[in-house]
Number of protein chains: 2
Amino acid sequence: MSQSTVSIVLAGKAEGRVKPETRQAVHEAARRLGYRPNLAARNLRLGRTRTVLLVVPTLTGPVFGAIYTGAAEVAAARGFGVVLHPWPDDAGPARSQVDTQAIEGVLASSIVGGVTDFGDLPVVLMDSDPAAPAPTINFDVAGGMRAIAAHLAELGHRRIGHLAASVDAWTFRVRGDALADAFPGSVVRQATAIDVAAARQAALELLDRSDRPSALVCDDDLIAAGAYKAARALNLGIPGDLSVTGFDDVLLATALEPELTTVRLPAEQLGATAMTALLELLDGRRPADTSLAGQLVVRASTAPPP
Amino acid sequence: MSQSTVSIVLAGKAEGRVKPETRQAVHEAARRLGYRPNLAARNLRLGRTRTVLLVVPTLTGPVFGAIYTGAAEVAAARGFGVVLHPWPDDAGPARSQVDTQAIEGVLASSIVGGVTDFGDLPVVLMDSDPAAPAPTINFDVAGGMRAIAAHLAELGHRRIGHLAASVDAWTFRVRGDALADAFPGSVVRQATAIDVAAARQAALELLDRSDRPSALVCDDDLIAAGAYKAARALNLGIPGDLSVTGFDDVLLATALEPELTTVRLPAEQLGATAMTALLELLDGRRPADTSLAGQLVVRASTAPPP
DNA sequence: GAATCCTCGTCATACGTATTACTGAATCCT
DNA sequence: AGGATTCAGTAATACGTATGACGAGGATTC
């Protein structure tokens with residue numbers, strides 16, 4: 001029994017080249033001896049590694065964990081490894097420290113500005129500007145905002161305050177547009193960082209106006225928590241005096257009182273879809289840009305205006 | 001110029017074997033041509049991969065992201081790659097799907113029951129039972145609980161309710177003991193899942209007693225959020241009528257109203273320390289079990305009893 | 001002055017696989 | 001019957017590195 005035969009059989013290329021009973025014998029022996037083809041030798045011979053890089057932002061919100069999980073599961077199912085690479089927010093487009101030859105492709109999440117300088121490696125972006133020169137798998141933020149707008153419109157709201165996360169120029173614009181389309185001329189916007197204290201301050205400014213909005217639309221659940229604090233400071237009841245909505249549906253949403261009306265994002269599915277797209281790209285196919293719909297979750301923080 | 005010489009120089013083993021000016025020439029040429037030793041060939045020759053596995057629980061709290069970040073940074077600095085492996089909570093001690101020969105060691109976080117069946121691979125555990133047969137890097141939960149107990153004792157509390165996370169036998173015992181030592185005979189304990197709704201229910205049971213505790217010690221910030229809800233349902237003011245403490249200091253802690261007194265855990269440092277320990281283990285040294293102290297953060301949810 | 005040692009490199013080999021080219025036997029076609 | 005074709009498997013090779021064995025020339029020692 002020659003080494004070549006074993007290699008052919010175990011690679012599944014035995015069709016018409018190796019007699020079925022011999023195939024059986026090979027598999028049998030391999031199982032009995034616990035033999036597994038040496039990975040390093042195979043990589044050397046084939047010039048492949050079946051490994052992709054996962055670039056992760058340092059800011060570790062609860063959404064990212066879910067994204068990694070989804071991505072890693074798909075990769076494992078296809079026999080790929082996933083190498084982690086933390087990417088500090090302030091880092092420029094510096095190349096990865098991880099040796100690029102150890103990697104076949106890159107899956108990057110929330111890279112601000114859509115930086116894509118990974119040499120010639122195939123890249124798929126998650127949660128990034130779709131104008132970037134790489135396939136992009138995104139949450140459908142516009143659709144989510146439209147769902148929120150429709151919900152508030154149905155309740156009878158007319159004056160909307162928008163607490164906008166200003167970290168990302170692309171979503172800043174998309175979210176603003178979606179809201180402005182639904183409530184033309186009656187949206188006041190205030191930019192804020194994704195941070196409870198900053199959001200509280202921003203919300204106070206919106207609520208201090210003479211034409212106080214009856215609902216605050218927040219780009220993130222954390223921002224909504226800041227809005228809650230502002231409302232309490234002004235002695236405004238939620239949802240009696242003021243409706244508030246969030247975005248993401250992280251655990252915080254149900255921990256708040258009253259529980260937050262928000263949009264649930266399919267984070268794990270985003271990771272899985274993006275990894276699938278990357279593996280397609282490695283196969284030479286061209287994956288389609290995809291937008292994953294969130295789901296409006298109506299809880300107790302929205303009601304008709306006073 | 002032979003290939004051997006280049007290999008020797010670039011491996012840094014040129015001391016006394018290669019003349020300095022030749023060394024210079026090699027480095028110069030390598031830089032000019034952008035030459036990097038082929039990783040697959042090196043792995044094949046040396047039988048090493050400089051890659052470790054990071055086993056991550058599916059439940060993706062905000063703490064885990066920080067742990068991964070710390071671990072991956074240390075690994076990158078030492079030239080190691082980190083392969084992600086999600087580990088569903090309900091999975092038994094099944095072996096990793098990732099080919100064990102692709103990996104030199106395993107860093108596992110929060111493995112329930114301290115399962116360590118990764119064949120002969122070196123393992124370091126994070127946030128697990130220190131009785132497990134592997135080096136363990138832990139948060140000092142006992143110390144954190146003692147800090148909370150001291151704080152509450154100083155405020156004058158005598159009757160303590162303990163909302164205990166029941167997911168892990170080891171911490172369940174350690175936390176209970178630390179609290180019982182500080183308040184002998186005056187702690188009532190109620191087990192709960194780490195879940196807002198479950199915690200609310202458990203808190204209600206504690207607060208319904210004739211000898212109602214004046215402070216609720218919660219094993220997790222999320223549980224504390226449940227306690228907040230129970231207090232509101234019973235019309236108890238925090239911290240006027242009831243003091244509440246959490247654990248972890250996740251973002252939620254400052255989003256709640258009033259802001260939560262809790263213990264901040266050095267999650268990123270945990271990941272970094274554990275990775276350092278694993279790399280030591282790979283070097284043949286025996287890392288010391290380590291316990292990382294948290295820091296009591298006093299906010300607005302604790303006050304003297306009524 | 002010969003024997004020994006040191007310096008600076010080079011040669012040759014092995015790691016374990018995938019694949020191309022090949023071979024011997026059996027079967028088929030006319 | 002004899003050449004062509006198919007079947008089933010083997011031999012040989014290349015991937016690129018690290019390293020132990022080897023060697024040539026010069027310096028040192030007694």
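We name chains A, B, ... by the order of the sequence lines, and we start the count at 1 in each one.
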- Query: Between B:Arg175 and B:Phe247, is NZ or CZ placed under 6.0 angstrom from the six-membered ring centre and within 45° of the ring axis?
  - Reply: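 The answer is yes; both the distance and angle limits are met.
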
Note: A:Ala274 and A:Met126 closest approach over all heavy atoms is CB-CG, 3.4 Å

Query - Nearest atoms (heavy-atom pairs only) where B:Val83 meets A:Gly81 - result: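 The answer is CG1-CA, 4.2 Å.
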
Round to a whole Å and report the spacing from [atom1] of [X] to [atom2] of [N].
| X | N | atom1 | atom2 | value |
| --- | --- | --- | --- | --- |
| B:Met1 | C:dC8 | CE | P | 14 Å |
| B:Lys19 | D:dG26 | NZ | P | 11 Å |
| A:Arg48 | C:dT17 | CZ | C1' | 15 Å |

Ionic contact status for B:Arg50 with B:Glu104, cut-off 4.0 Å
no

*Does a salt bridge link B:Asp129 with B:Arg173, judged by any charged N lying under 4.0 Å from a carboxylate O?*
no

| said: For a quick test of reading the model: is some side-chain N or O of A:Thr22 closer than 4.0 Å to OP1 or OP2 of D:dA8? | reply: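 No, A:Thr22 has no side-chain N/O under 4.0 Å of OP1/OP2 on D:dA8.
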
Practice task
Using atom types as modelled and distance alone, determine if a side-chain donor or acceptor of A:Arg23 lies under 3.5 Å from a backbone N or O of A:Val9.
Solution key: no

Its contact letters, B for base, S for sugar-phosphate only and - for none at protein heavy atoms under 4.0 Å, make nucleotides 13-23 of chain D read -BBBBBB-B--

N/O donor to acceptor pairs below 3.5 angstrom from side-chain atoms of residues 131-140 of chain A, sequence neighbours left out:
unit_1   : atom_1 : unit_2   : atom_2 : d
A:Thr136 : OG1    : A:Ala134 : O      : 2.9
A:Asn138 : OD1    : A:Asp127 : N      : 3.1
A:Asn138 : OD1    : A:Ser128 : N      : 2.9
A:Asn138 : ND2    : A:Ser128 : O      : 2.9
A:Asp140 : OD1    : A:Gly143 : N      : 2.9

**Asked** Among side-chain atoms of A:Thr5 and A:Ser2, is any donor-acceptor pair under 3.5 angstrom?
**Response** yes

Can you give me the bend angle of the helix from C:dG1-D:dC30 to C:dT30-D:dA1? Use the axis through the first five pairs and the one through the last five, nearest 10 degrees.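 Computed from the C1' atoms at both ends, the axes differ by 50°.
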
